[in-house]
Amino acid sequence: MKSKTREAARAYSRQASIHSISQANLPLAQISGTQKVGSVSVDQLGKGIDFPNVQSAIDDLTNLYQTPINGVVMYTDSAKTPNGISMIERLTVSGESTGTSVEVYGIKIAIGIGENQDLVTTKIIAELDKYKNKGIAFKRVTKTSGSNSKIDVEFLDTNPHDNFVFRGNGMTIVGTTEATAVPGYGTWSKIGEQDVKFGSEPATKLYYYKRIA
């Protein structure tokens, strides 16, 4: 006989994505200066998960190396910053709808039969914007300049993600990487740069950043 206590404690799936975590005592903007460790990402949205979870926390922590506030780090690449860089994915929408919905990053979006790719693109942006405005998964969702059927999506986290693909109901939506993710955390201020020469080697320019949050 199985007790209710034992049944309640049983984990019916080994998938880390479905196990929620508490973020109550976590710093508010630890990941990329914008969100807490374990916040939902597009990987989890695609599985129908919209709450802070174990897999997201693992992904975030794997990409972190914490320097304390007021600590200083140094780079030789002017394009790199310790804040990290979010991945930007460009979604290209094509086709004419033969159904009543498409699914983008696990989000079901209502469309009408016979709608063209431009109208479907507008509806996708409107729906993803709802998540962006709640601070979930997306930092920026905009129509690509010069195109009515392409969307630039910048994620909140600084983790790399597989490119998105959807085919169904007459529509095809394919993602390509426009900006590669660079892991980062916290909020930083550039405090200076200098040329340093070691022996007979050519001078190297060093860039210094101080963590402020």
Side-chain angles (χ1 to χ4, degrees), residues 11-23 26 31-32 34-63 84-113 115-144 149-181 183:
Y12 287 95
S13 173
R14 297 174 64 183
Q15 292 292 322
S17 293
I18 72 166
H19 296 285
S20 65
I21 63 171
S22 171
Q23 295 177 307
L26 298 180
I31 303 301
S32 190
T34 59
Q35 62 183 1
K36 296 181 177 183
V37 167
S39 296
V40 65
S41 75
V42 293
D43 292 337
Q44 278 67 54
L45 283 179
K47 300 174 183 177
I49 306 300
D50 62 358
F51 49 81
N53 60 87
V54 172
Q55 187 60 56
S56 284
I58 293 171
D59 293 342
D60 286 336
L61 292 172
T62 298
N63 284 284
I85 299 173
S86 297
M87 176 178 166
I88 298 175
E89 183 169 35
R90 178 165 294 171
L91 301 179
T92 299
V93 183
S94 59
E96 182 174 299
S97 172
T98 59
T100 58
S101 68
V102 292
E103 189 172 294
V104 181
Y105 301 126
I107 303 167
K108 189 174 182 179
I109 300 168
I111 59 176
I113 295 175
E115 291 183 348
N116 64 23
Q117 59 197 31
D118 293 356
L119 184 53
V120 172
T121 297
T122 298
K123 291 186 174 182
I124 292 171
I125 292 173
E127 194 64 31
L128 297 187
D129 258 338
K130 294 178 183 177
Y131 285 80
K132 183 204 72 175
N133 294 335
K134 294 177 183 178
I136 298 176
F138 310 111
K139 182 183 294 183
R140 178 173 61 89
V141 181
T142 56
K143 190 173 290 186
T144 304
S149 59
K150 294 183 179 181
I151 308 167
D152 288 336
V153 181
E154 183 176 4
F155 304 127
L156 268 176
D157 60 30
T158 56
N159 299 323
H161 301 285
D162 293 335
N163 287 131
F164 176 80
V165 178
F166 170 87
R167 292 184 177 90
N169 289 338
M171 304 303 302
T172 298
I173 306 169
V174 177
T176 56
T177 300
E178 293 299 304
T180 303

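The model shown is predicted, which means the values in this text are computed figures rather than measured ones. Sequence positions, counted from 1, serve as the residue numbers for this chain.
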Residue list, side-chain hydrogen bond (donor to acceptor under 3.5 Å, both in side chains) with D43, at least two apart or on another chain: H161
Do [X] and [Y] touch side chain to side chain, with heavy atoms closer than 4.5 Å?
X    : Y    : value
I113 : T100 : yes
V42  : F138 : yes
V174 : N163 : no
T180 : I85  : no
V102 : I111 : yes

Residues forming a side-chain contact (heavy atoms from CB on, under 4.5 Å) with P183, sequence neighbours excluded: N63
Those residues at least two apart in sequence (or on a different chain) that pass side-chain contact (heavy atoms from CB on, under 4.5 Å) with I58 are V54, Q55, T62
Main-chain N/O of [Y] paired with [X] side-chain donor or acceptor, under 3.5 Å:
X    : Y    : result
S97  : G99  : yes
D152 : T142 : no
Q44  : D50  : no
T98  : G170 : yes
S39  : K36  : yes

Distance-only check: which donor-acceptor pairs under 3.5 Å involve side-chain atoms of residues 118-127, not counting sequence neighbours?
unit_1 : atom_1 : unit_2 : atom_2 : d
T121   : OG1    : Q117   : O      : 2.7
T122   : OG1    : D118   : O      : 3.2
K123   : NZ     : E115   : OE1    : 3.2
K123   : NZ     : E115   : OE2    : 2.7
E127   : OE1    : K130   : NZ     : 3.3

Considering all heavy atoms of both residues, which atom of [X] and which atom of [Y] are nearest to each other, and what is their separation?
X    : Y    : answer
D60  : N159 : OD1-ND2, 3.3 Å
T144 : I151 : OG1-N, 3.5 Å
Q35  : G135 : OE1-O, 4.3 Å
F51  : S20  : CD1-CB, 3.7 Å
A181 : P160 : CB-N, 3.8 Å

F164: what forms a ring-ring contact (aromatic ring centres under 6.0 Å, His included) with it, not counting sequence neighbours? Y105
Of all pairs that satisfy salt bridge (charged side-chain N to carboxylate O under 4.0 Å, His left out), the ones with a partner from residues 153-176, not counting sequence neighbours: K139-E154, R140-E154
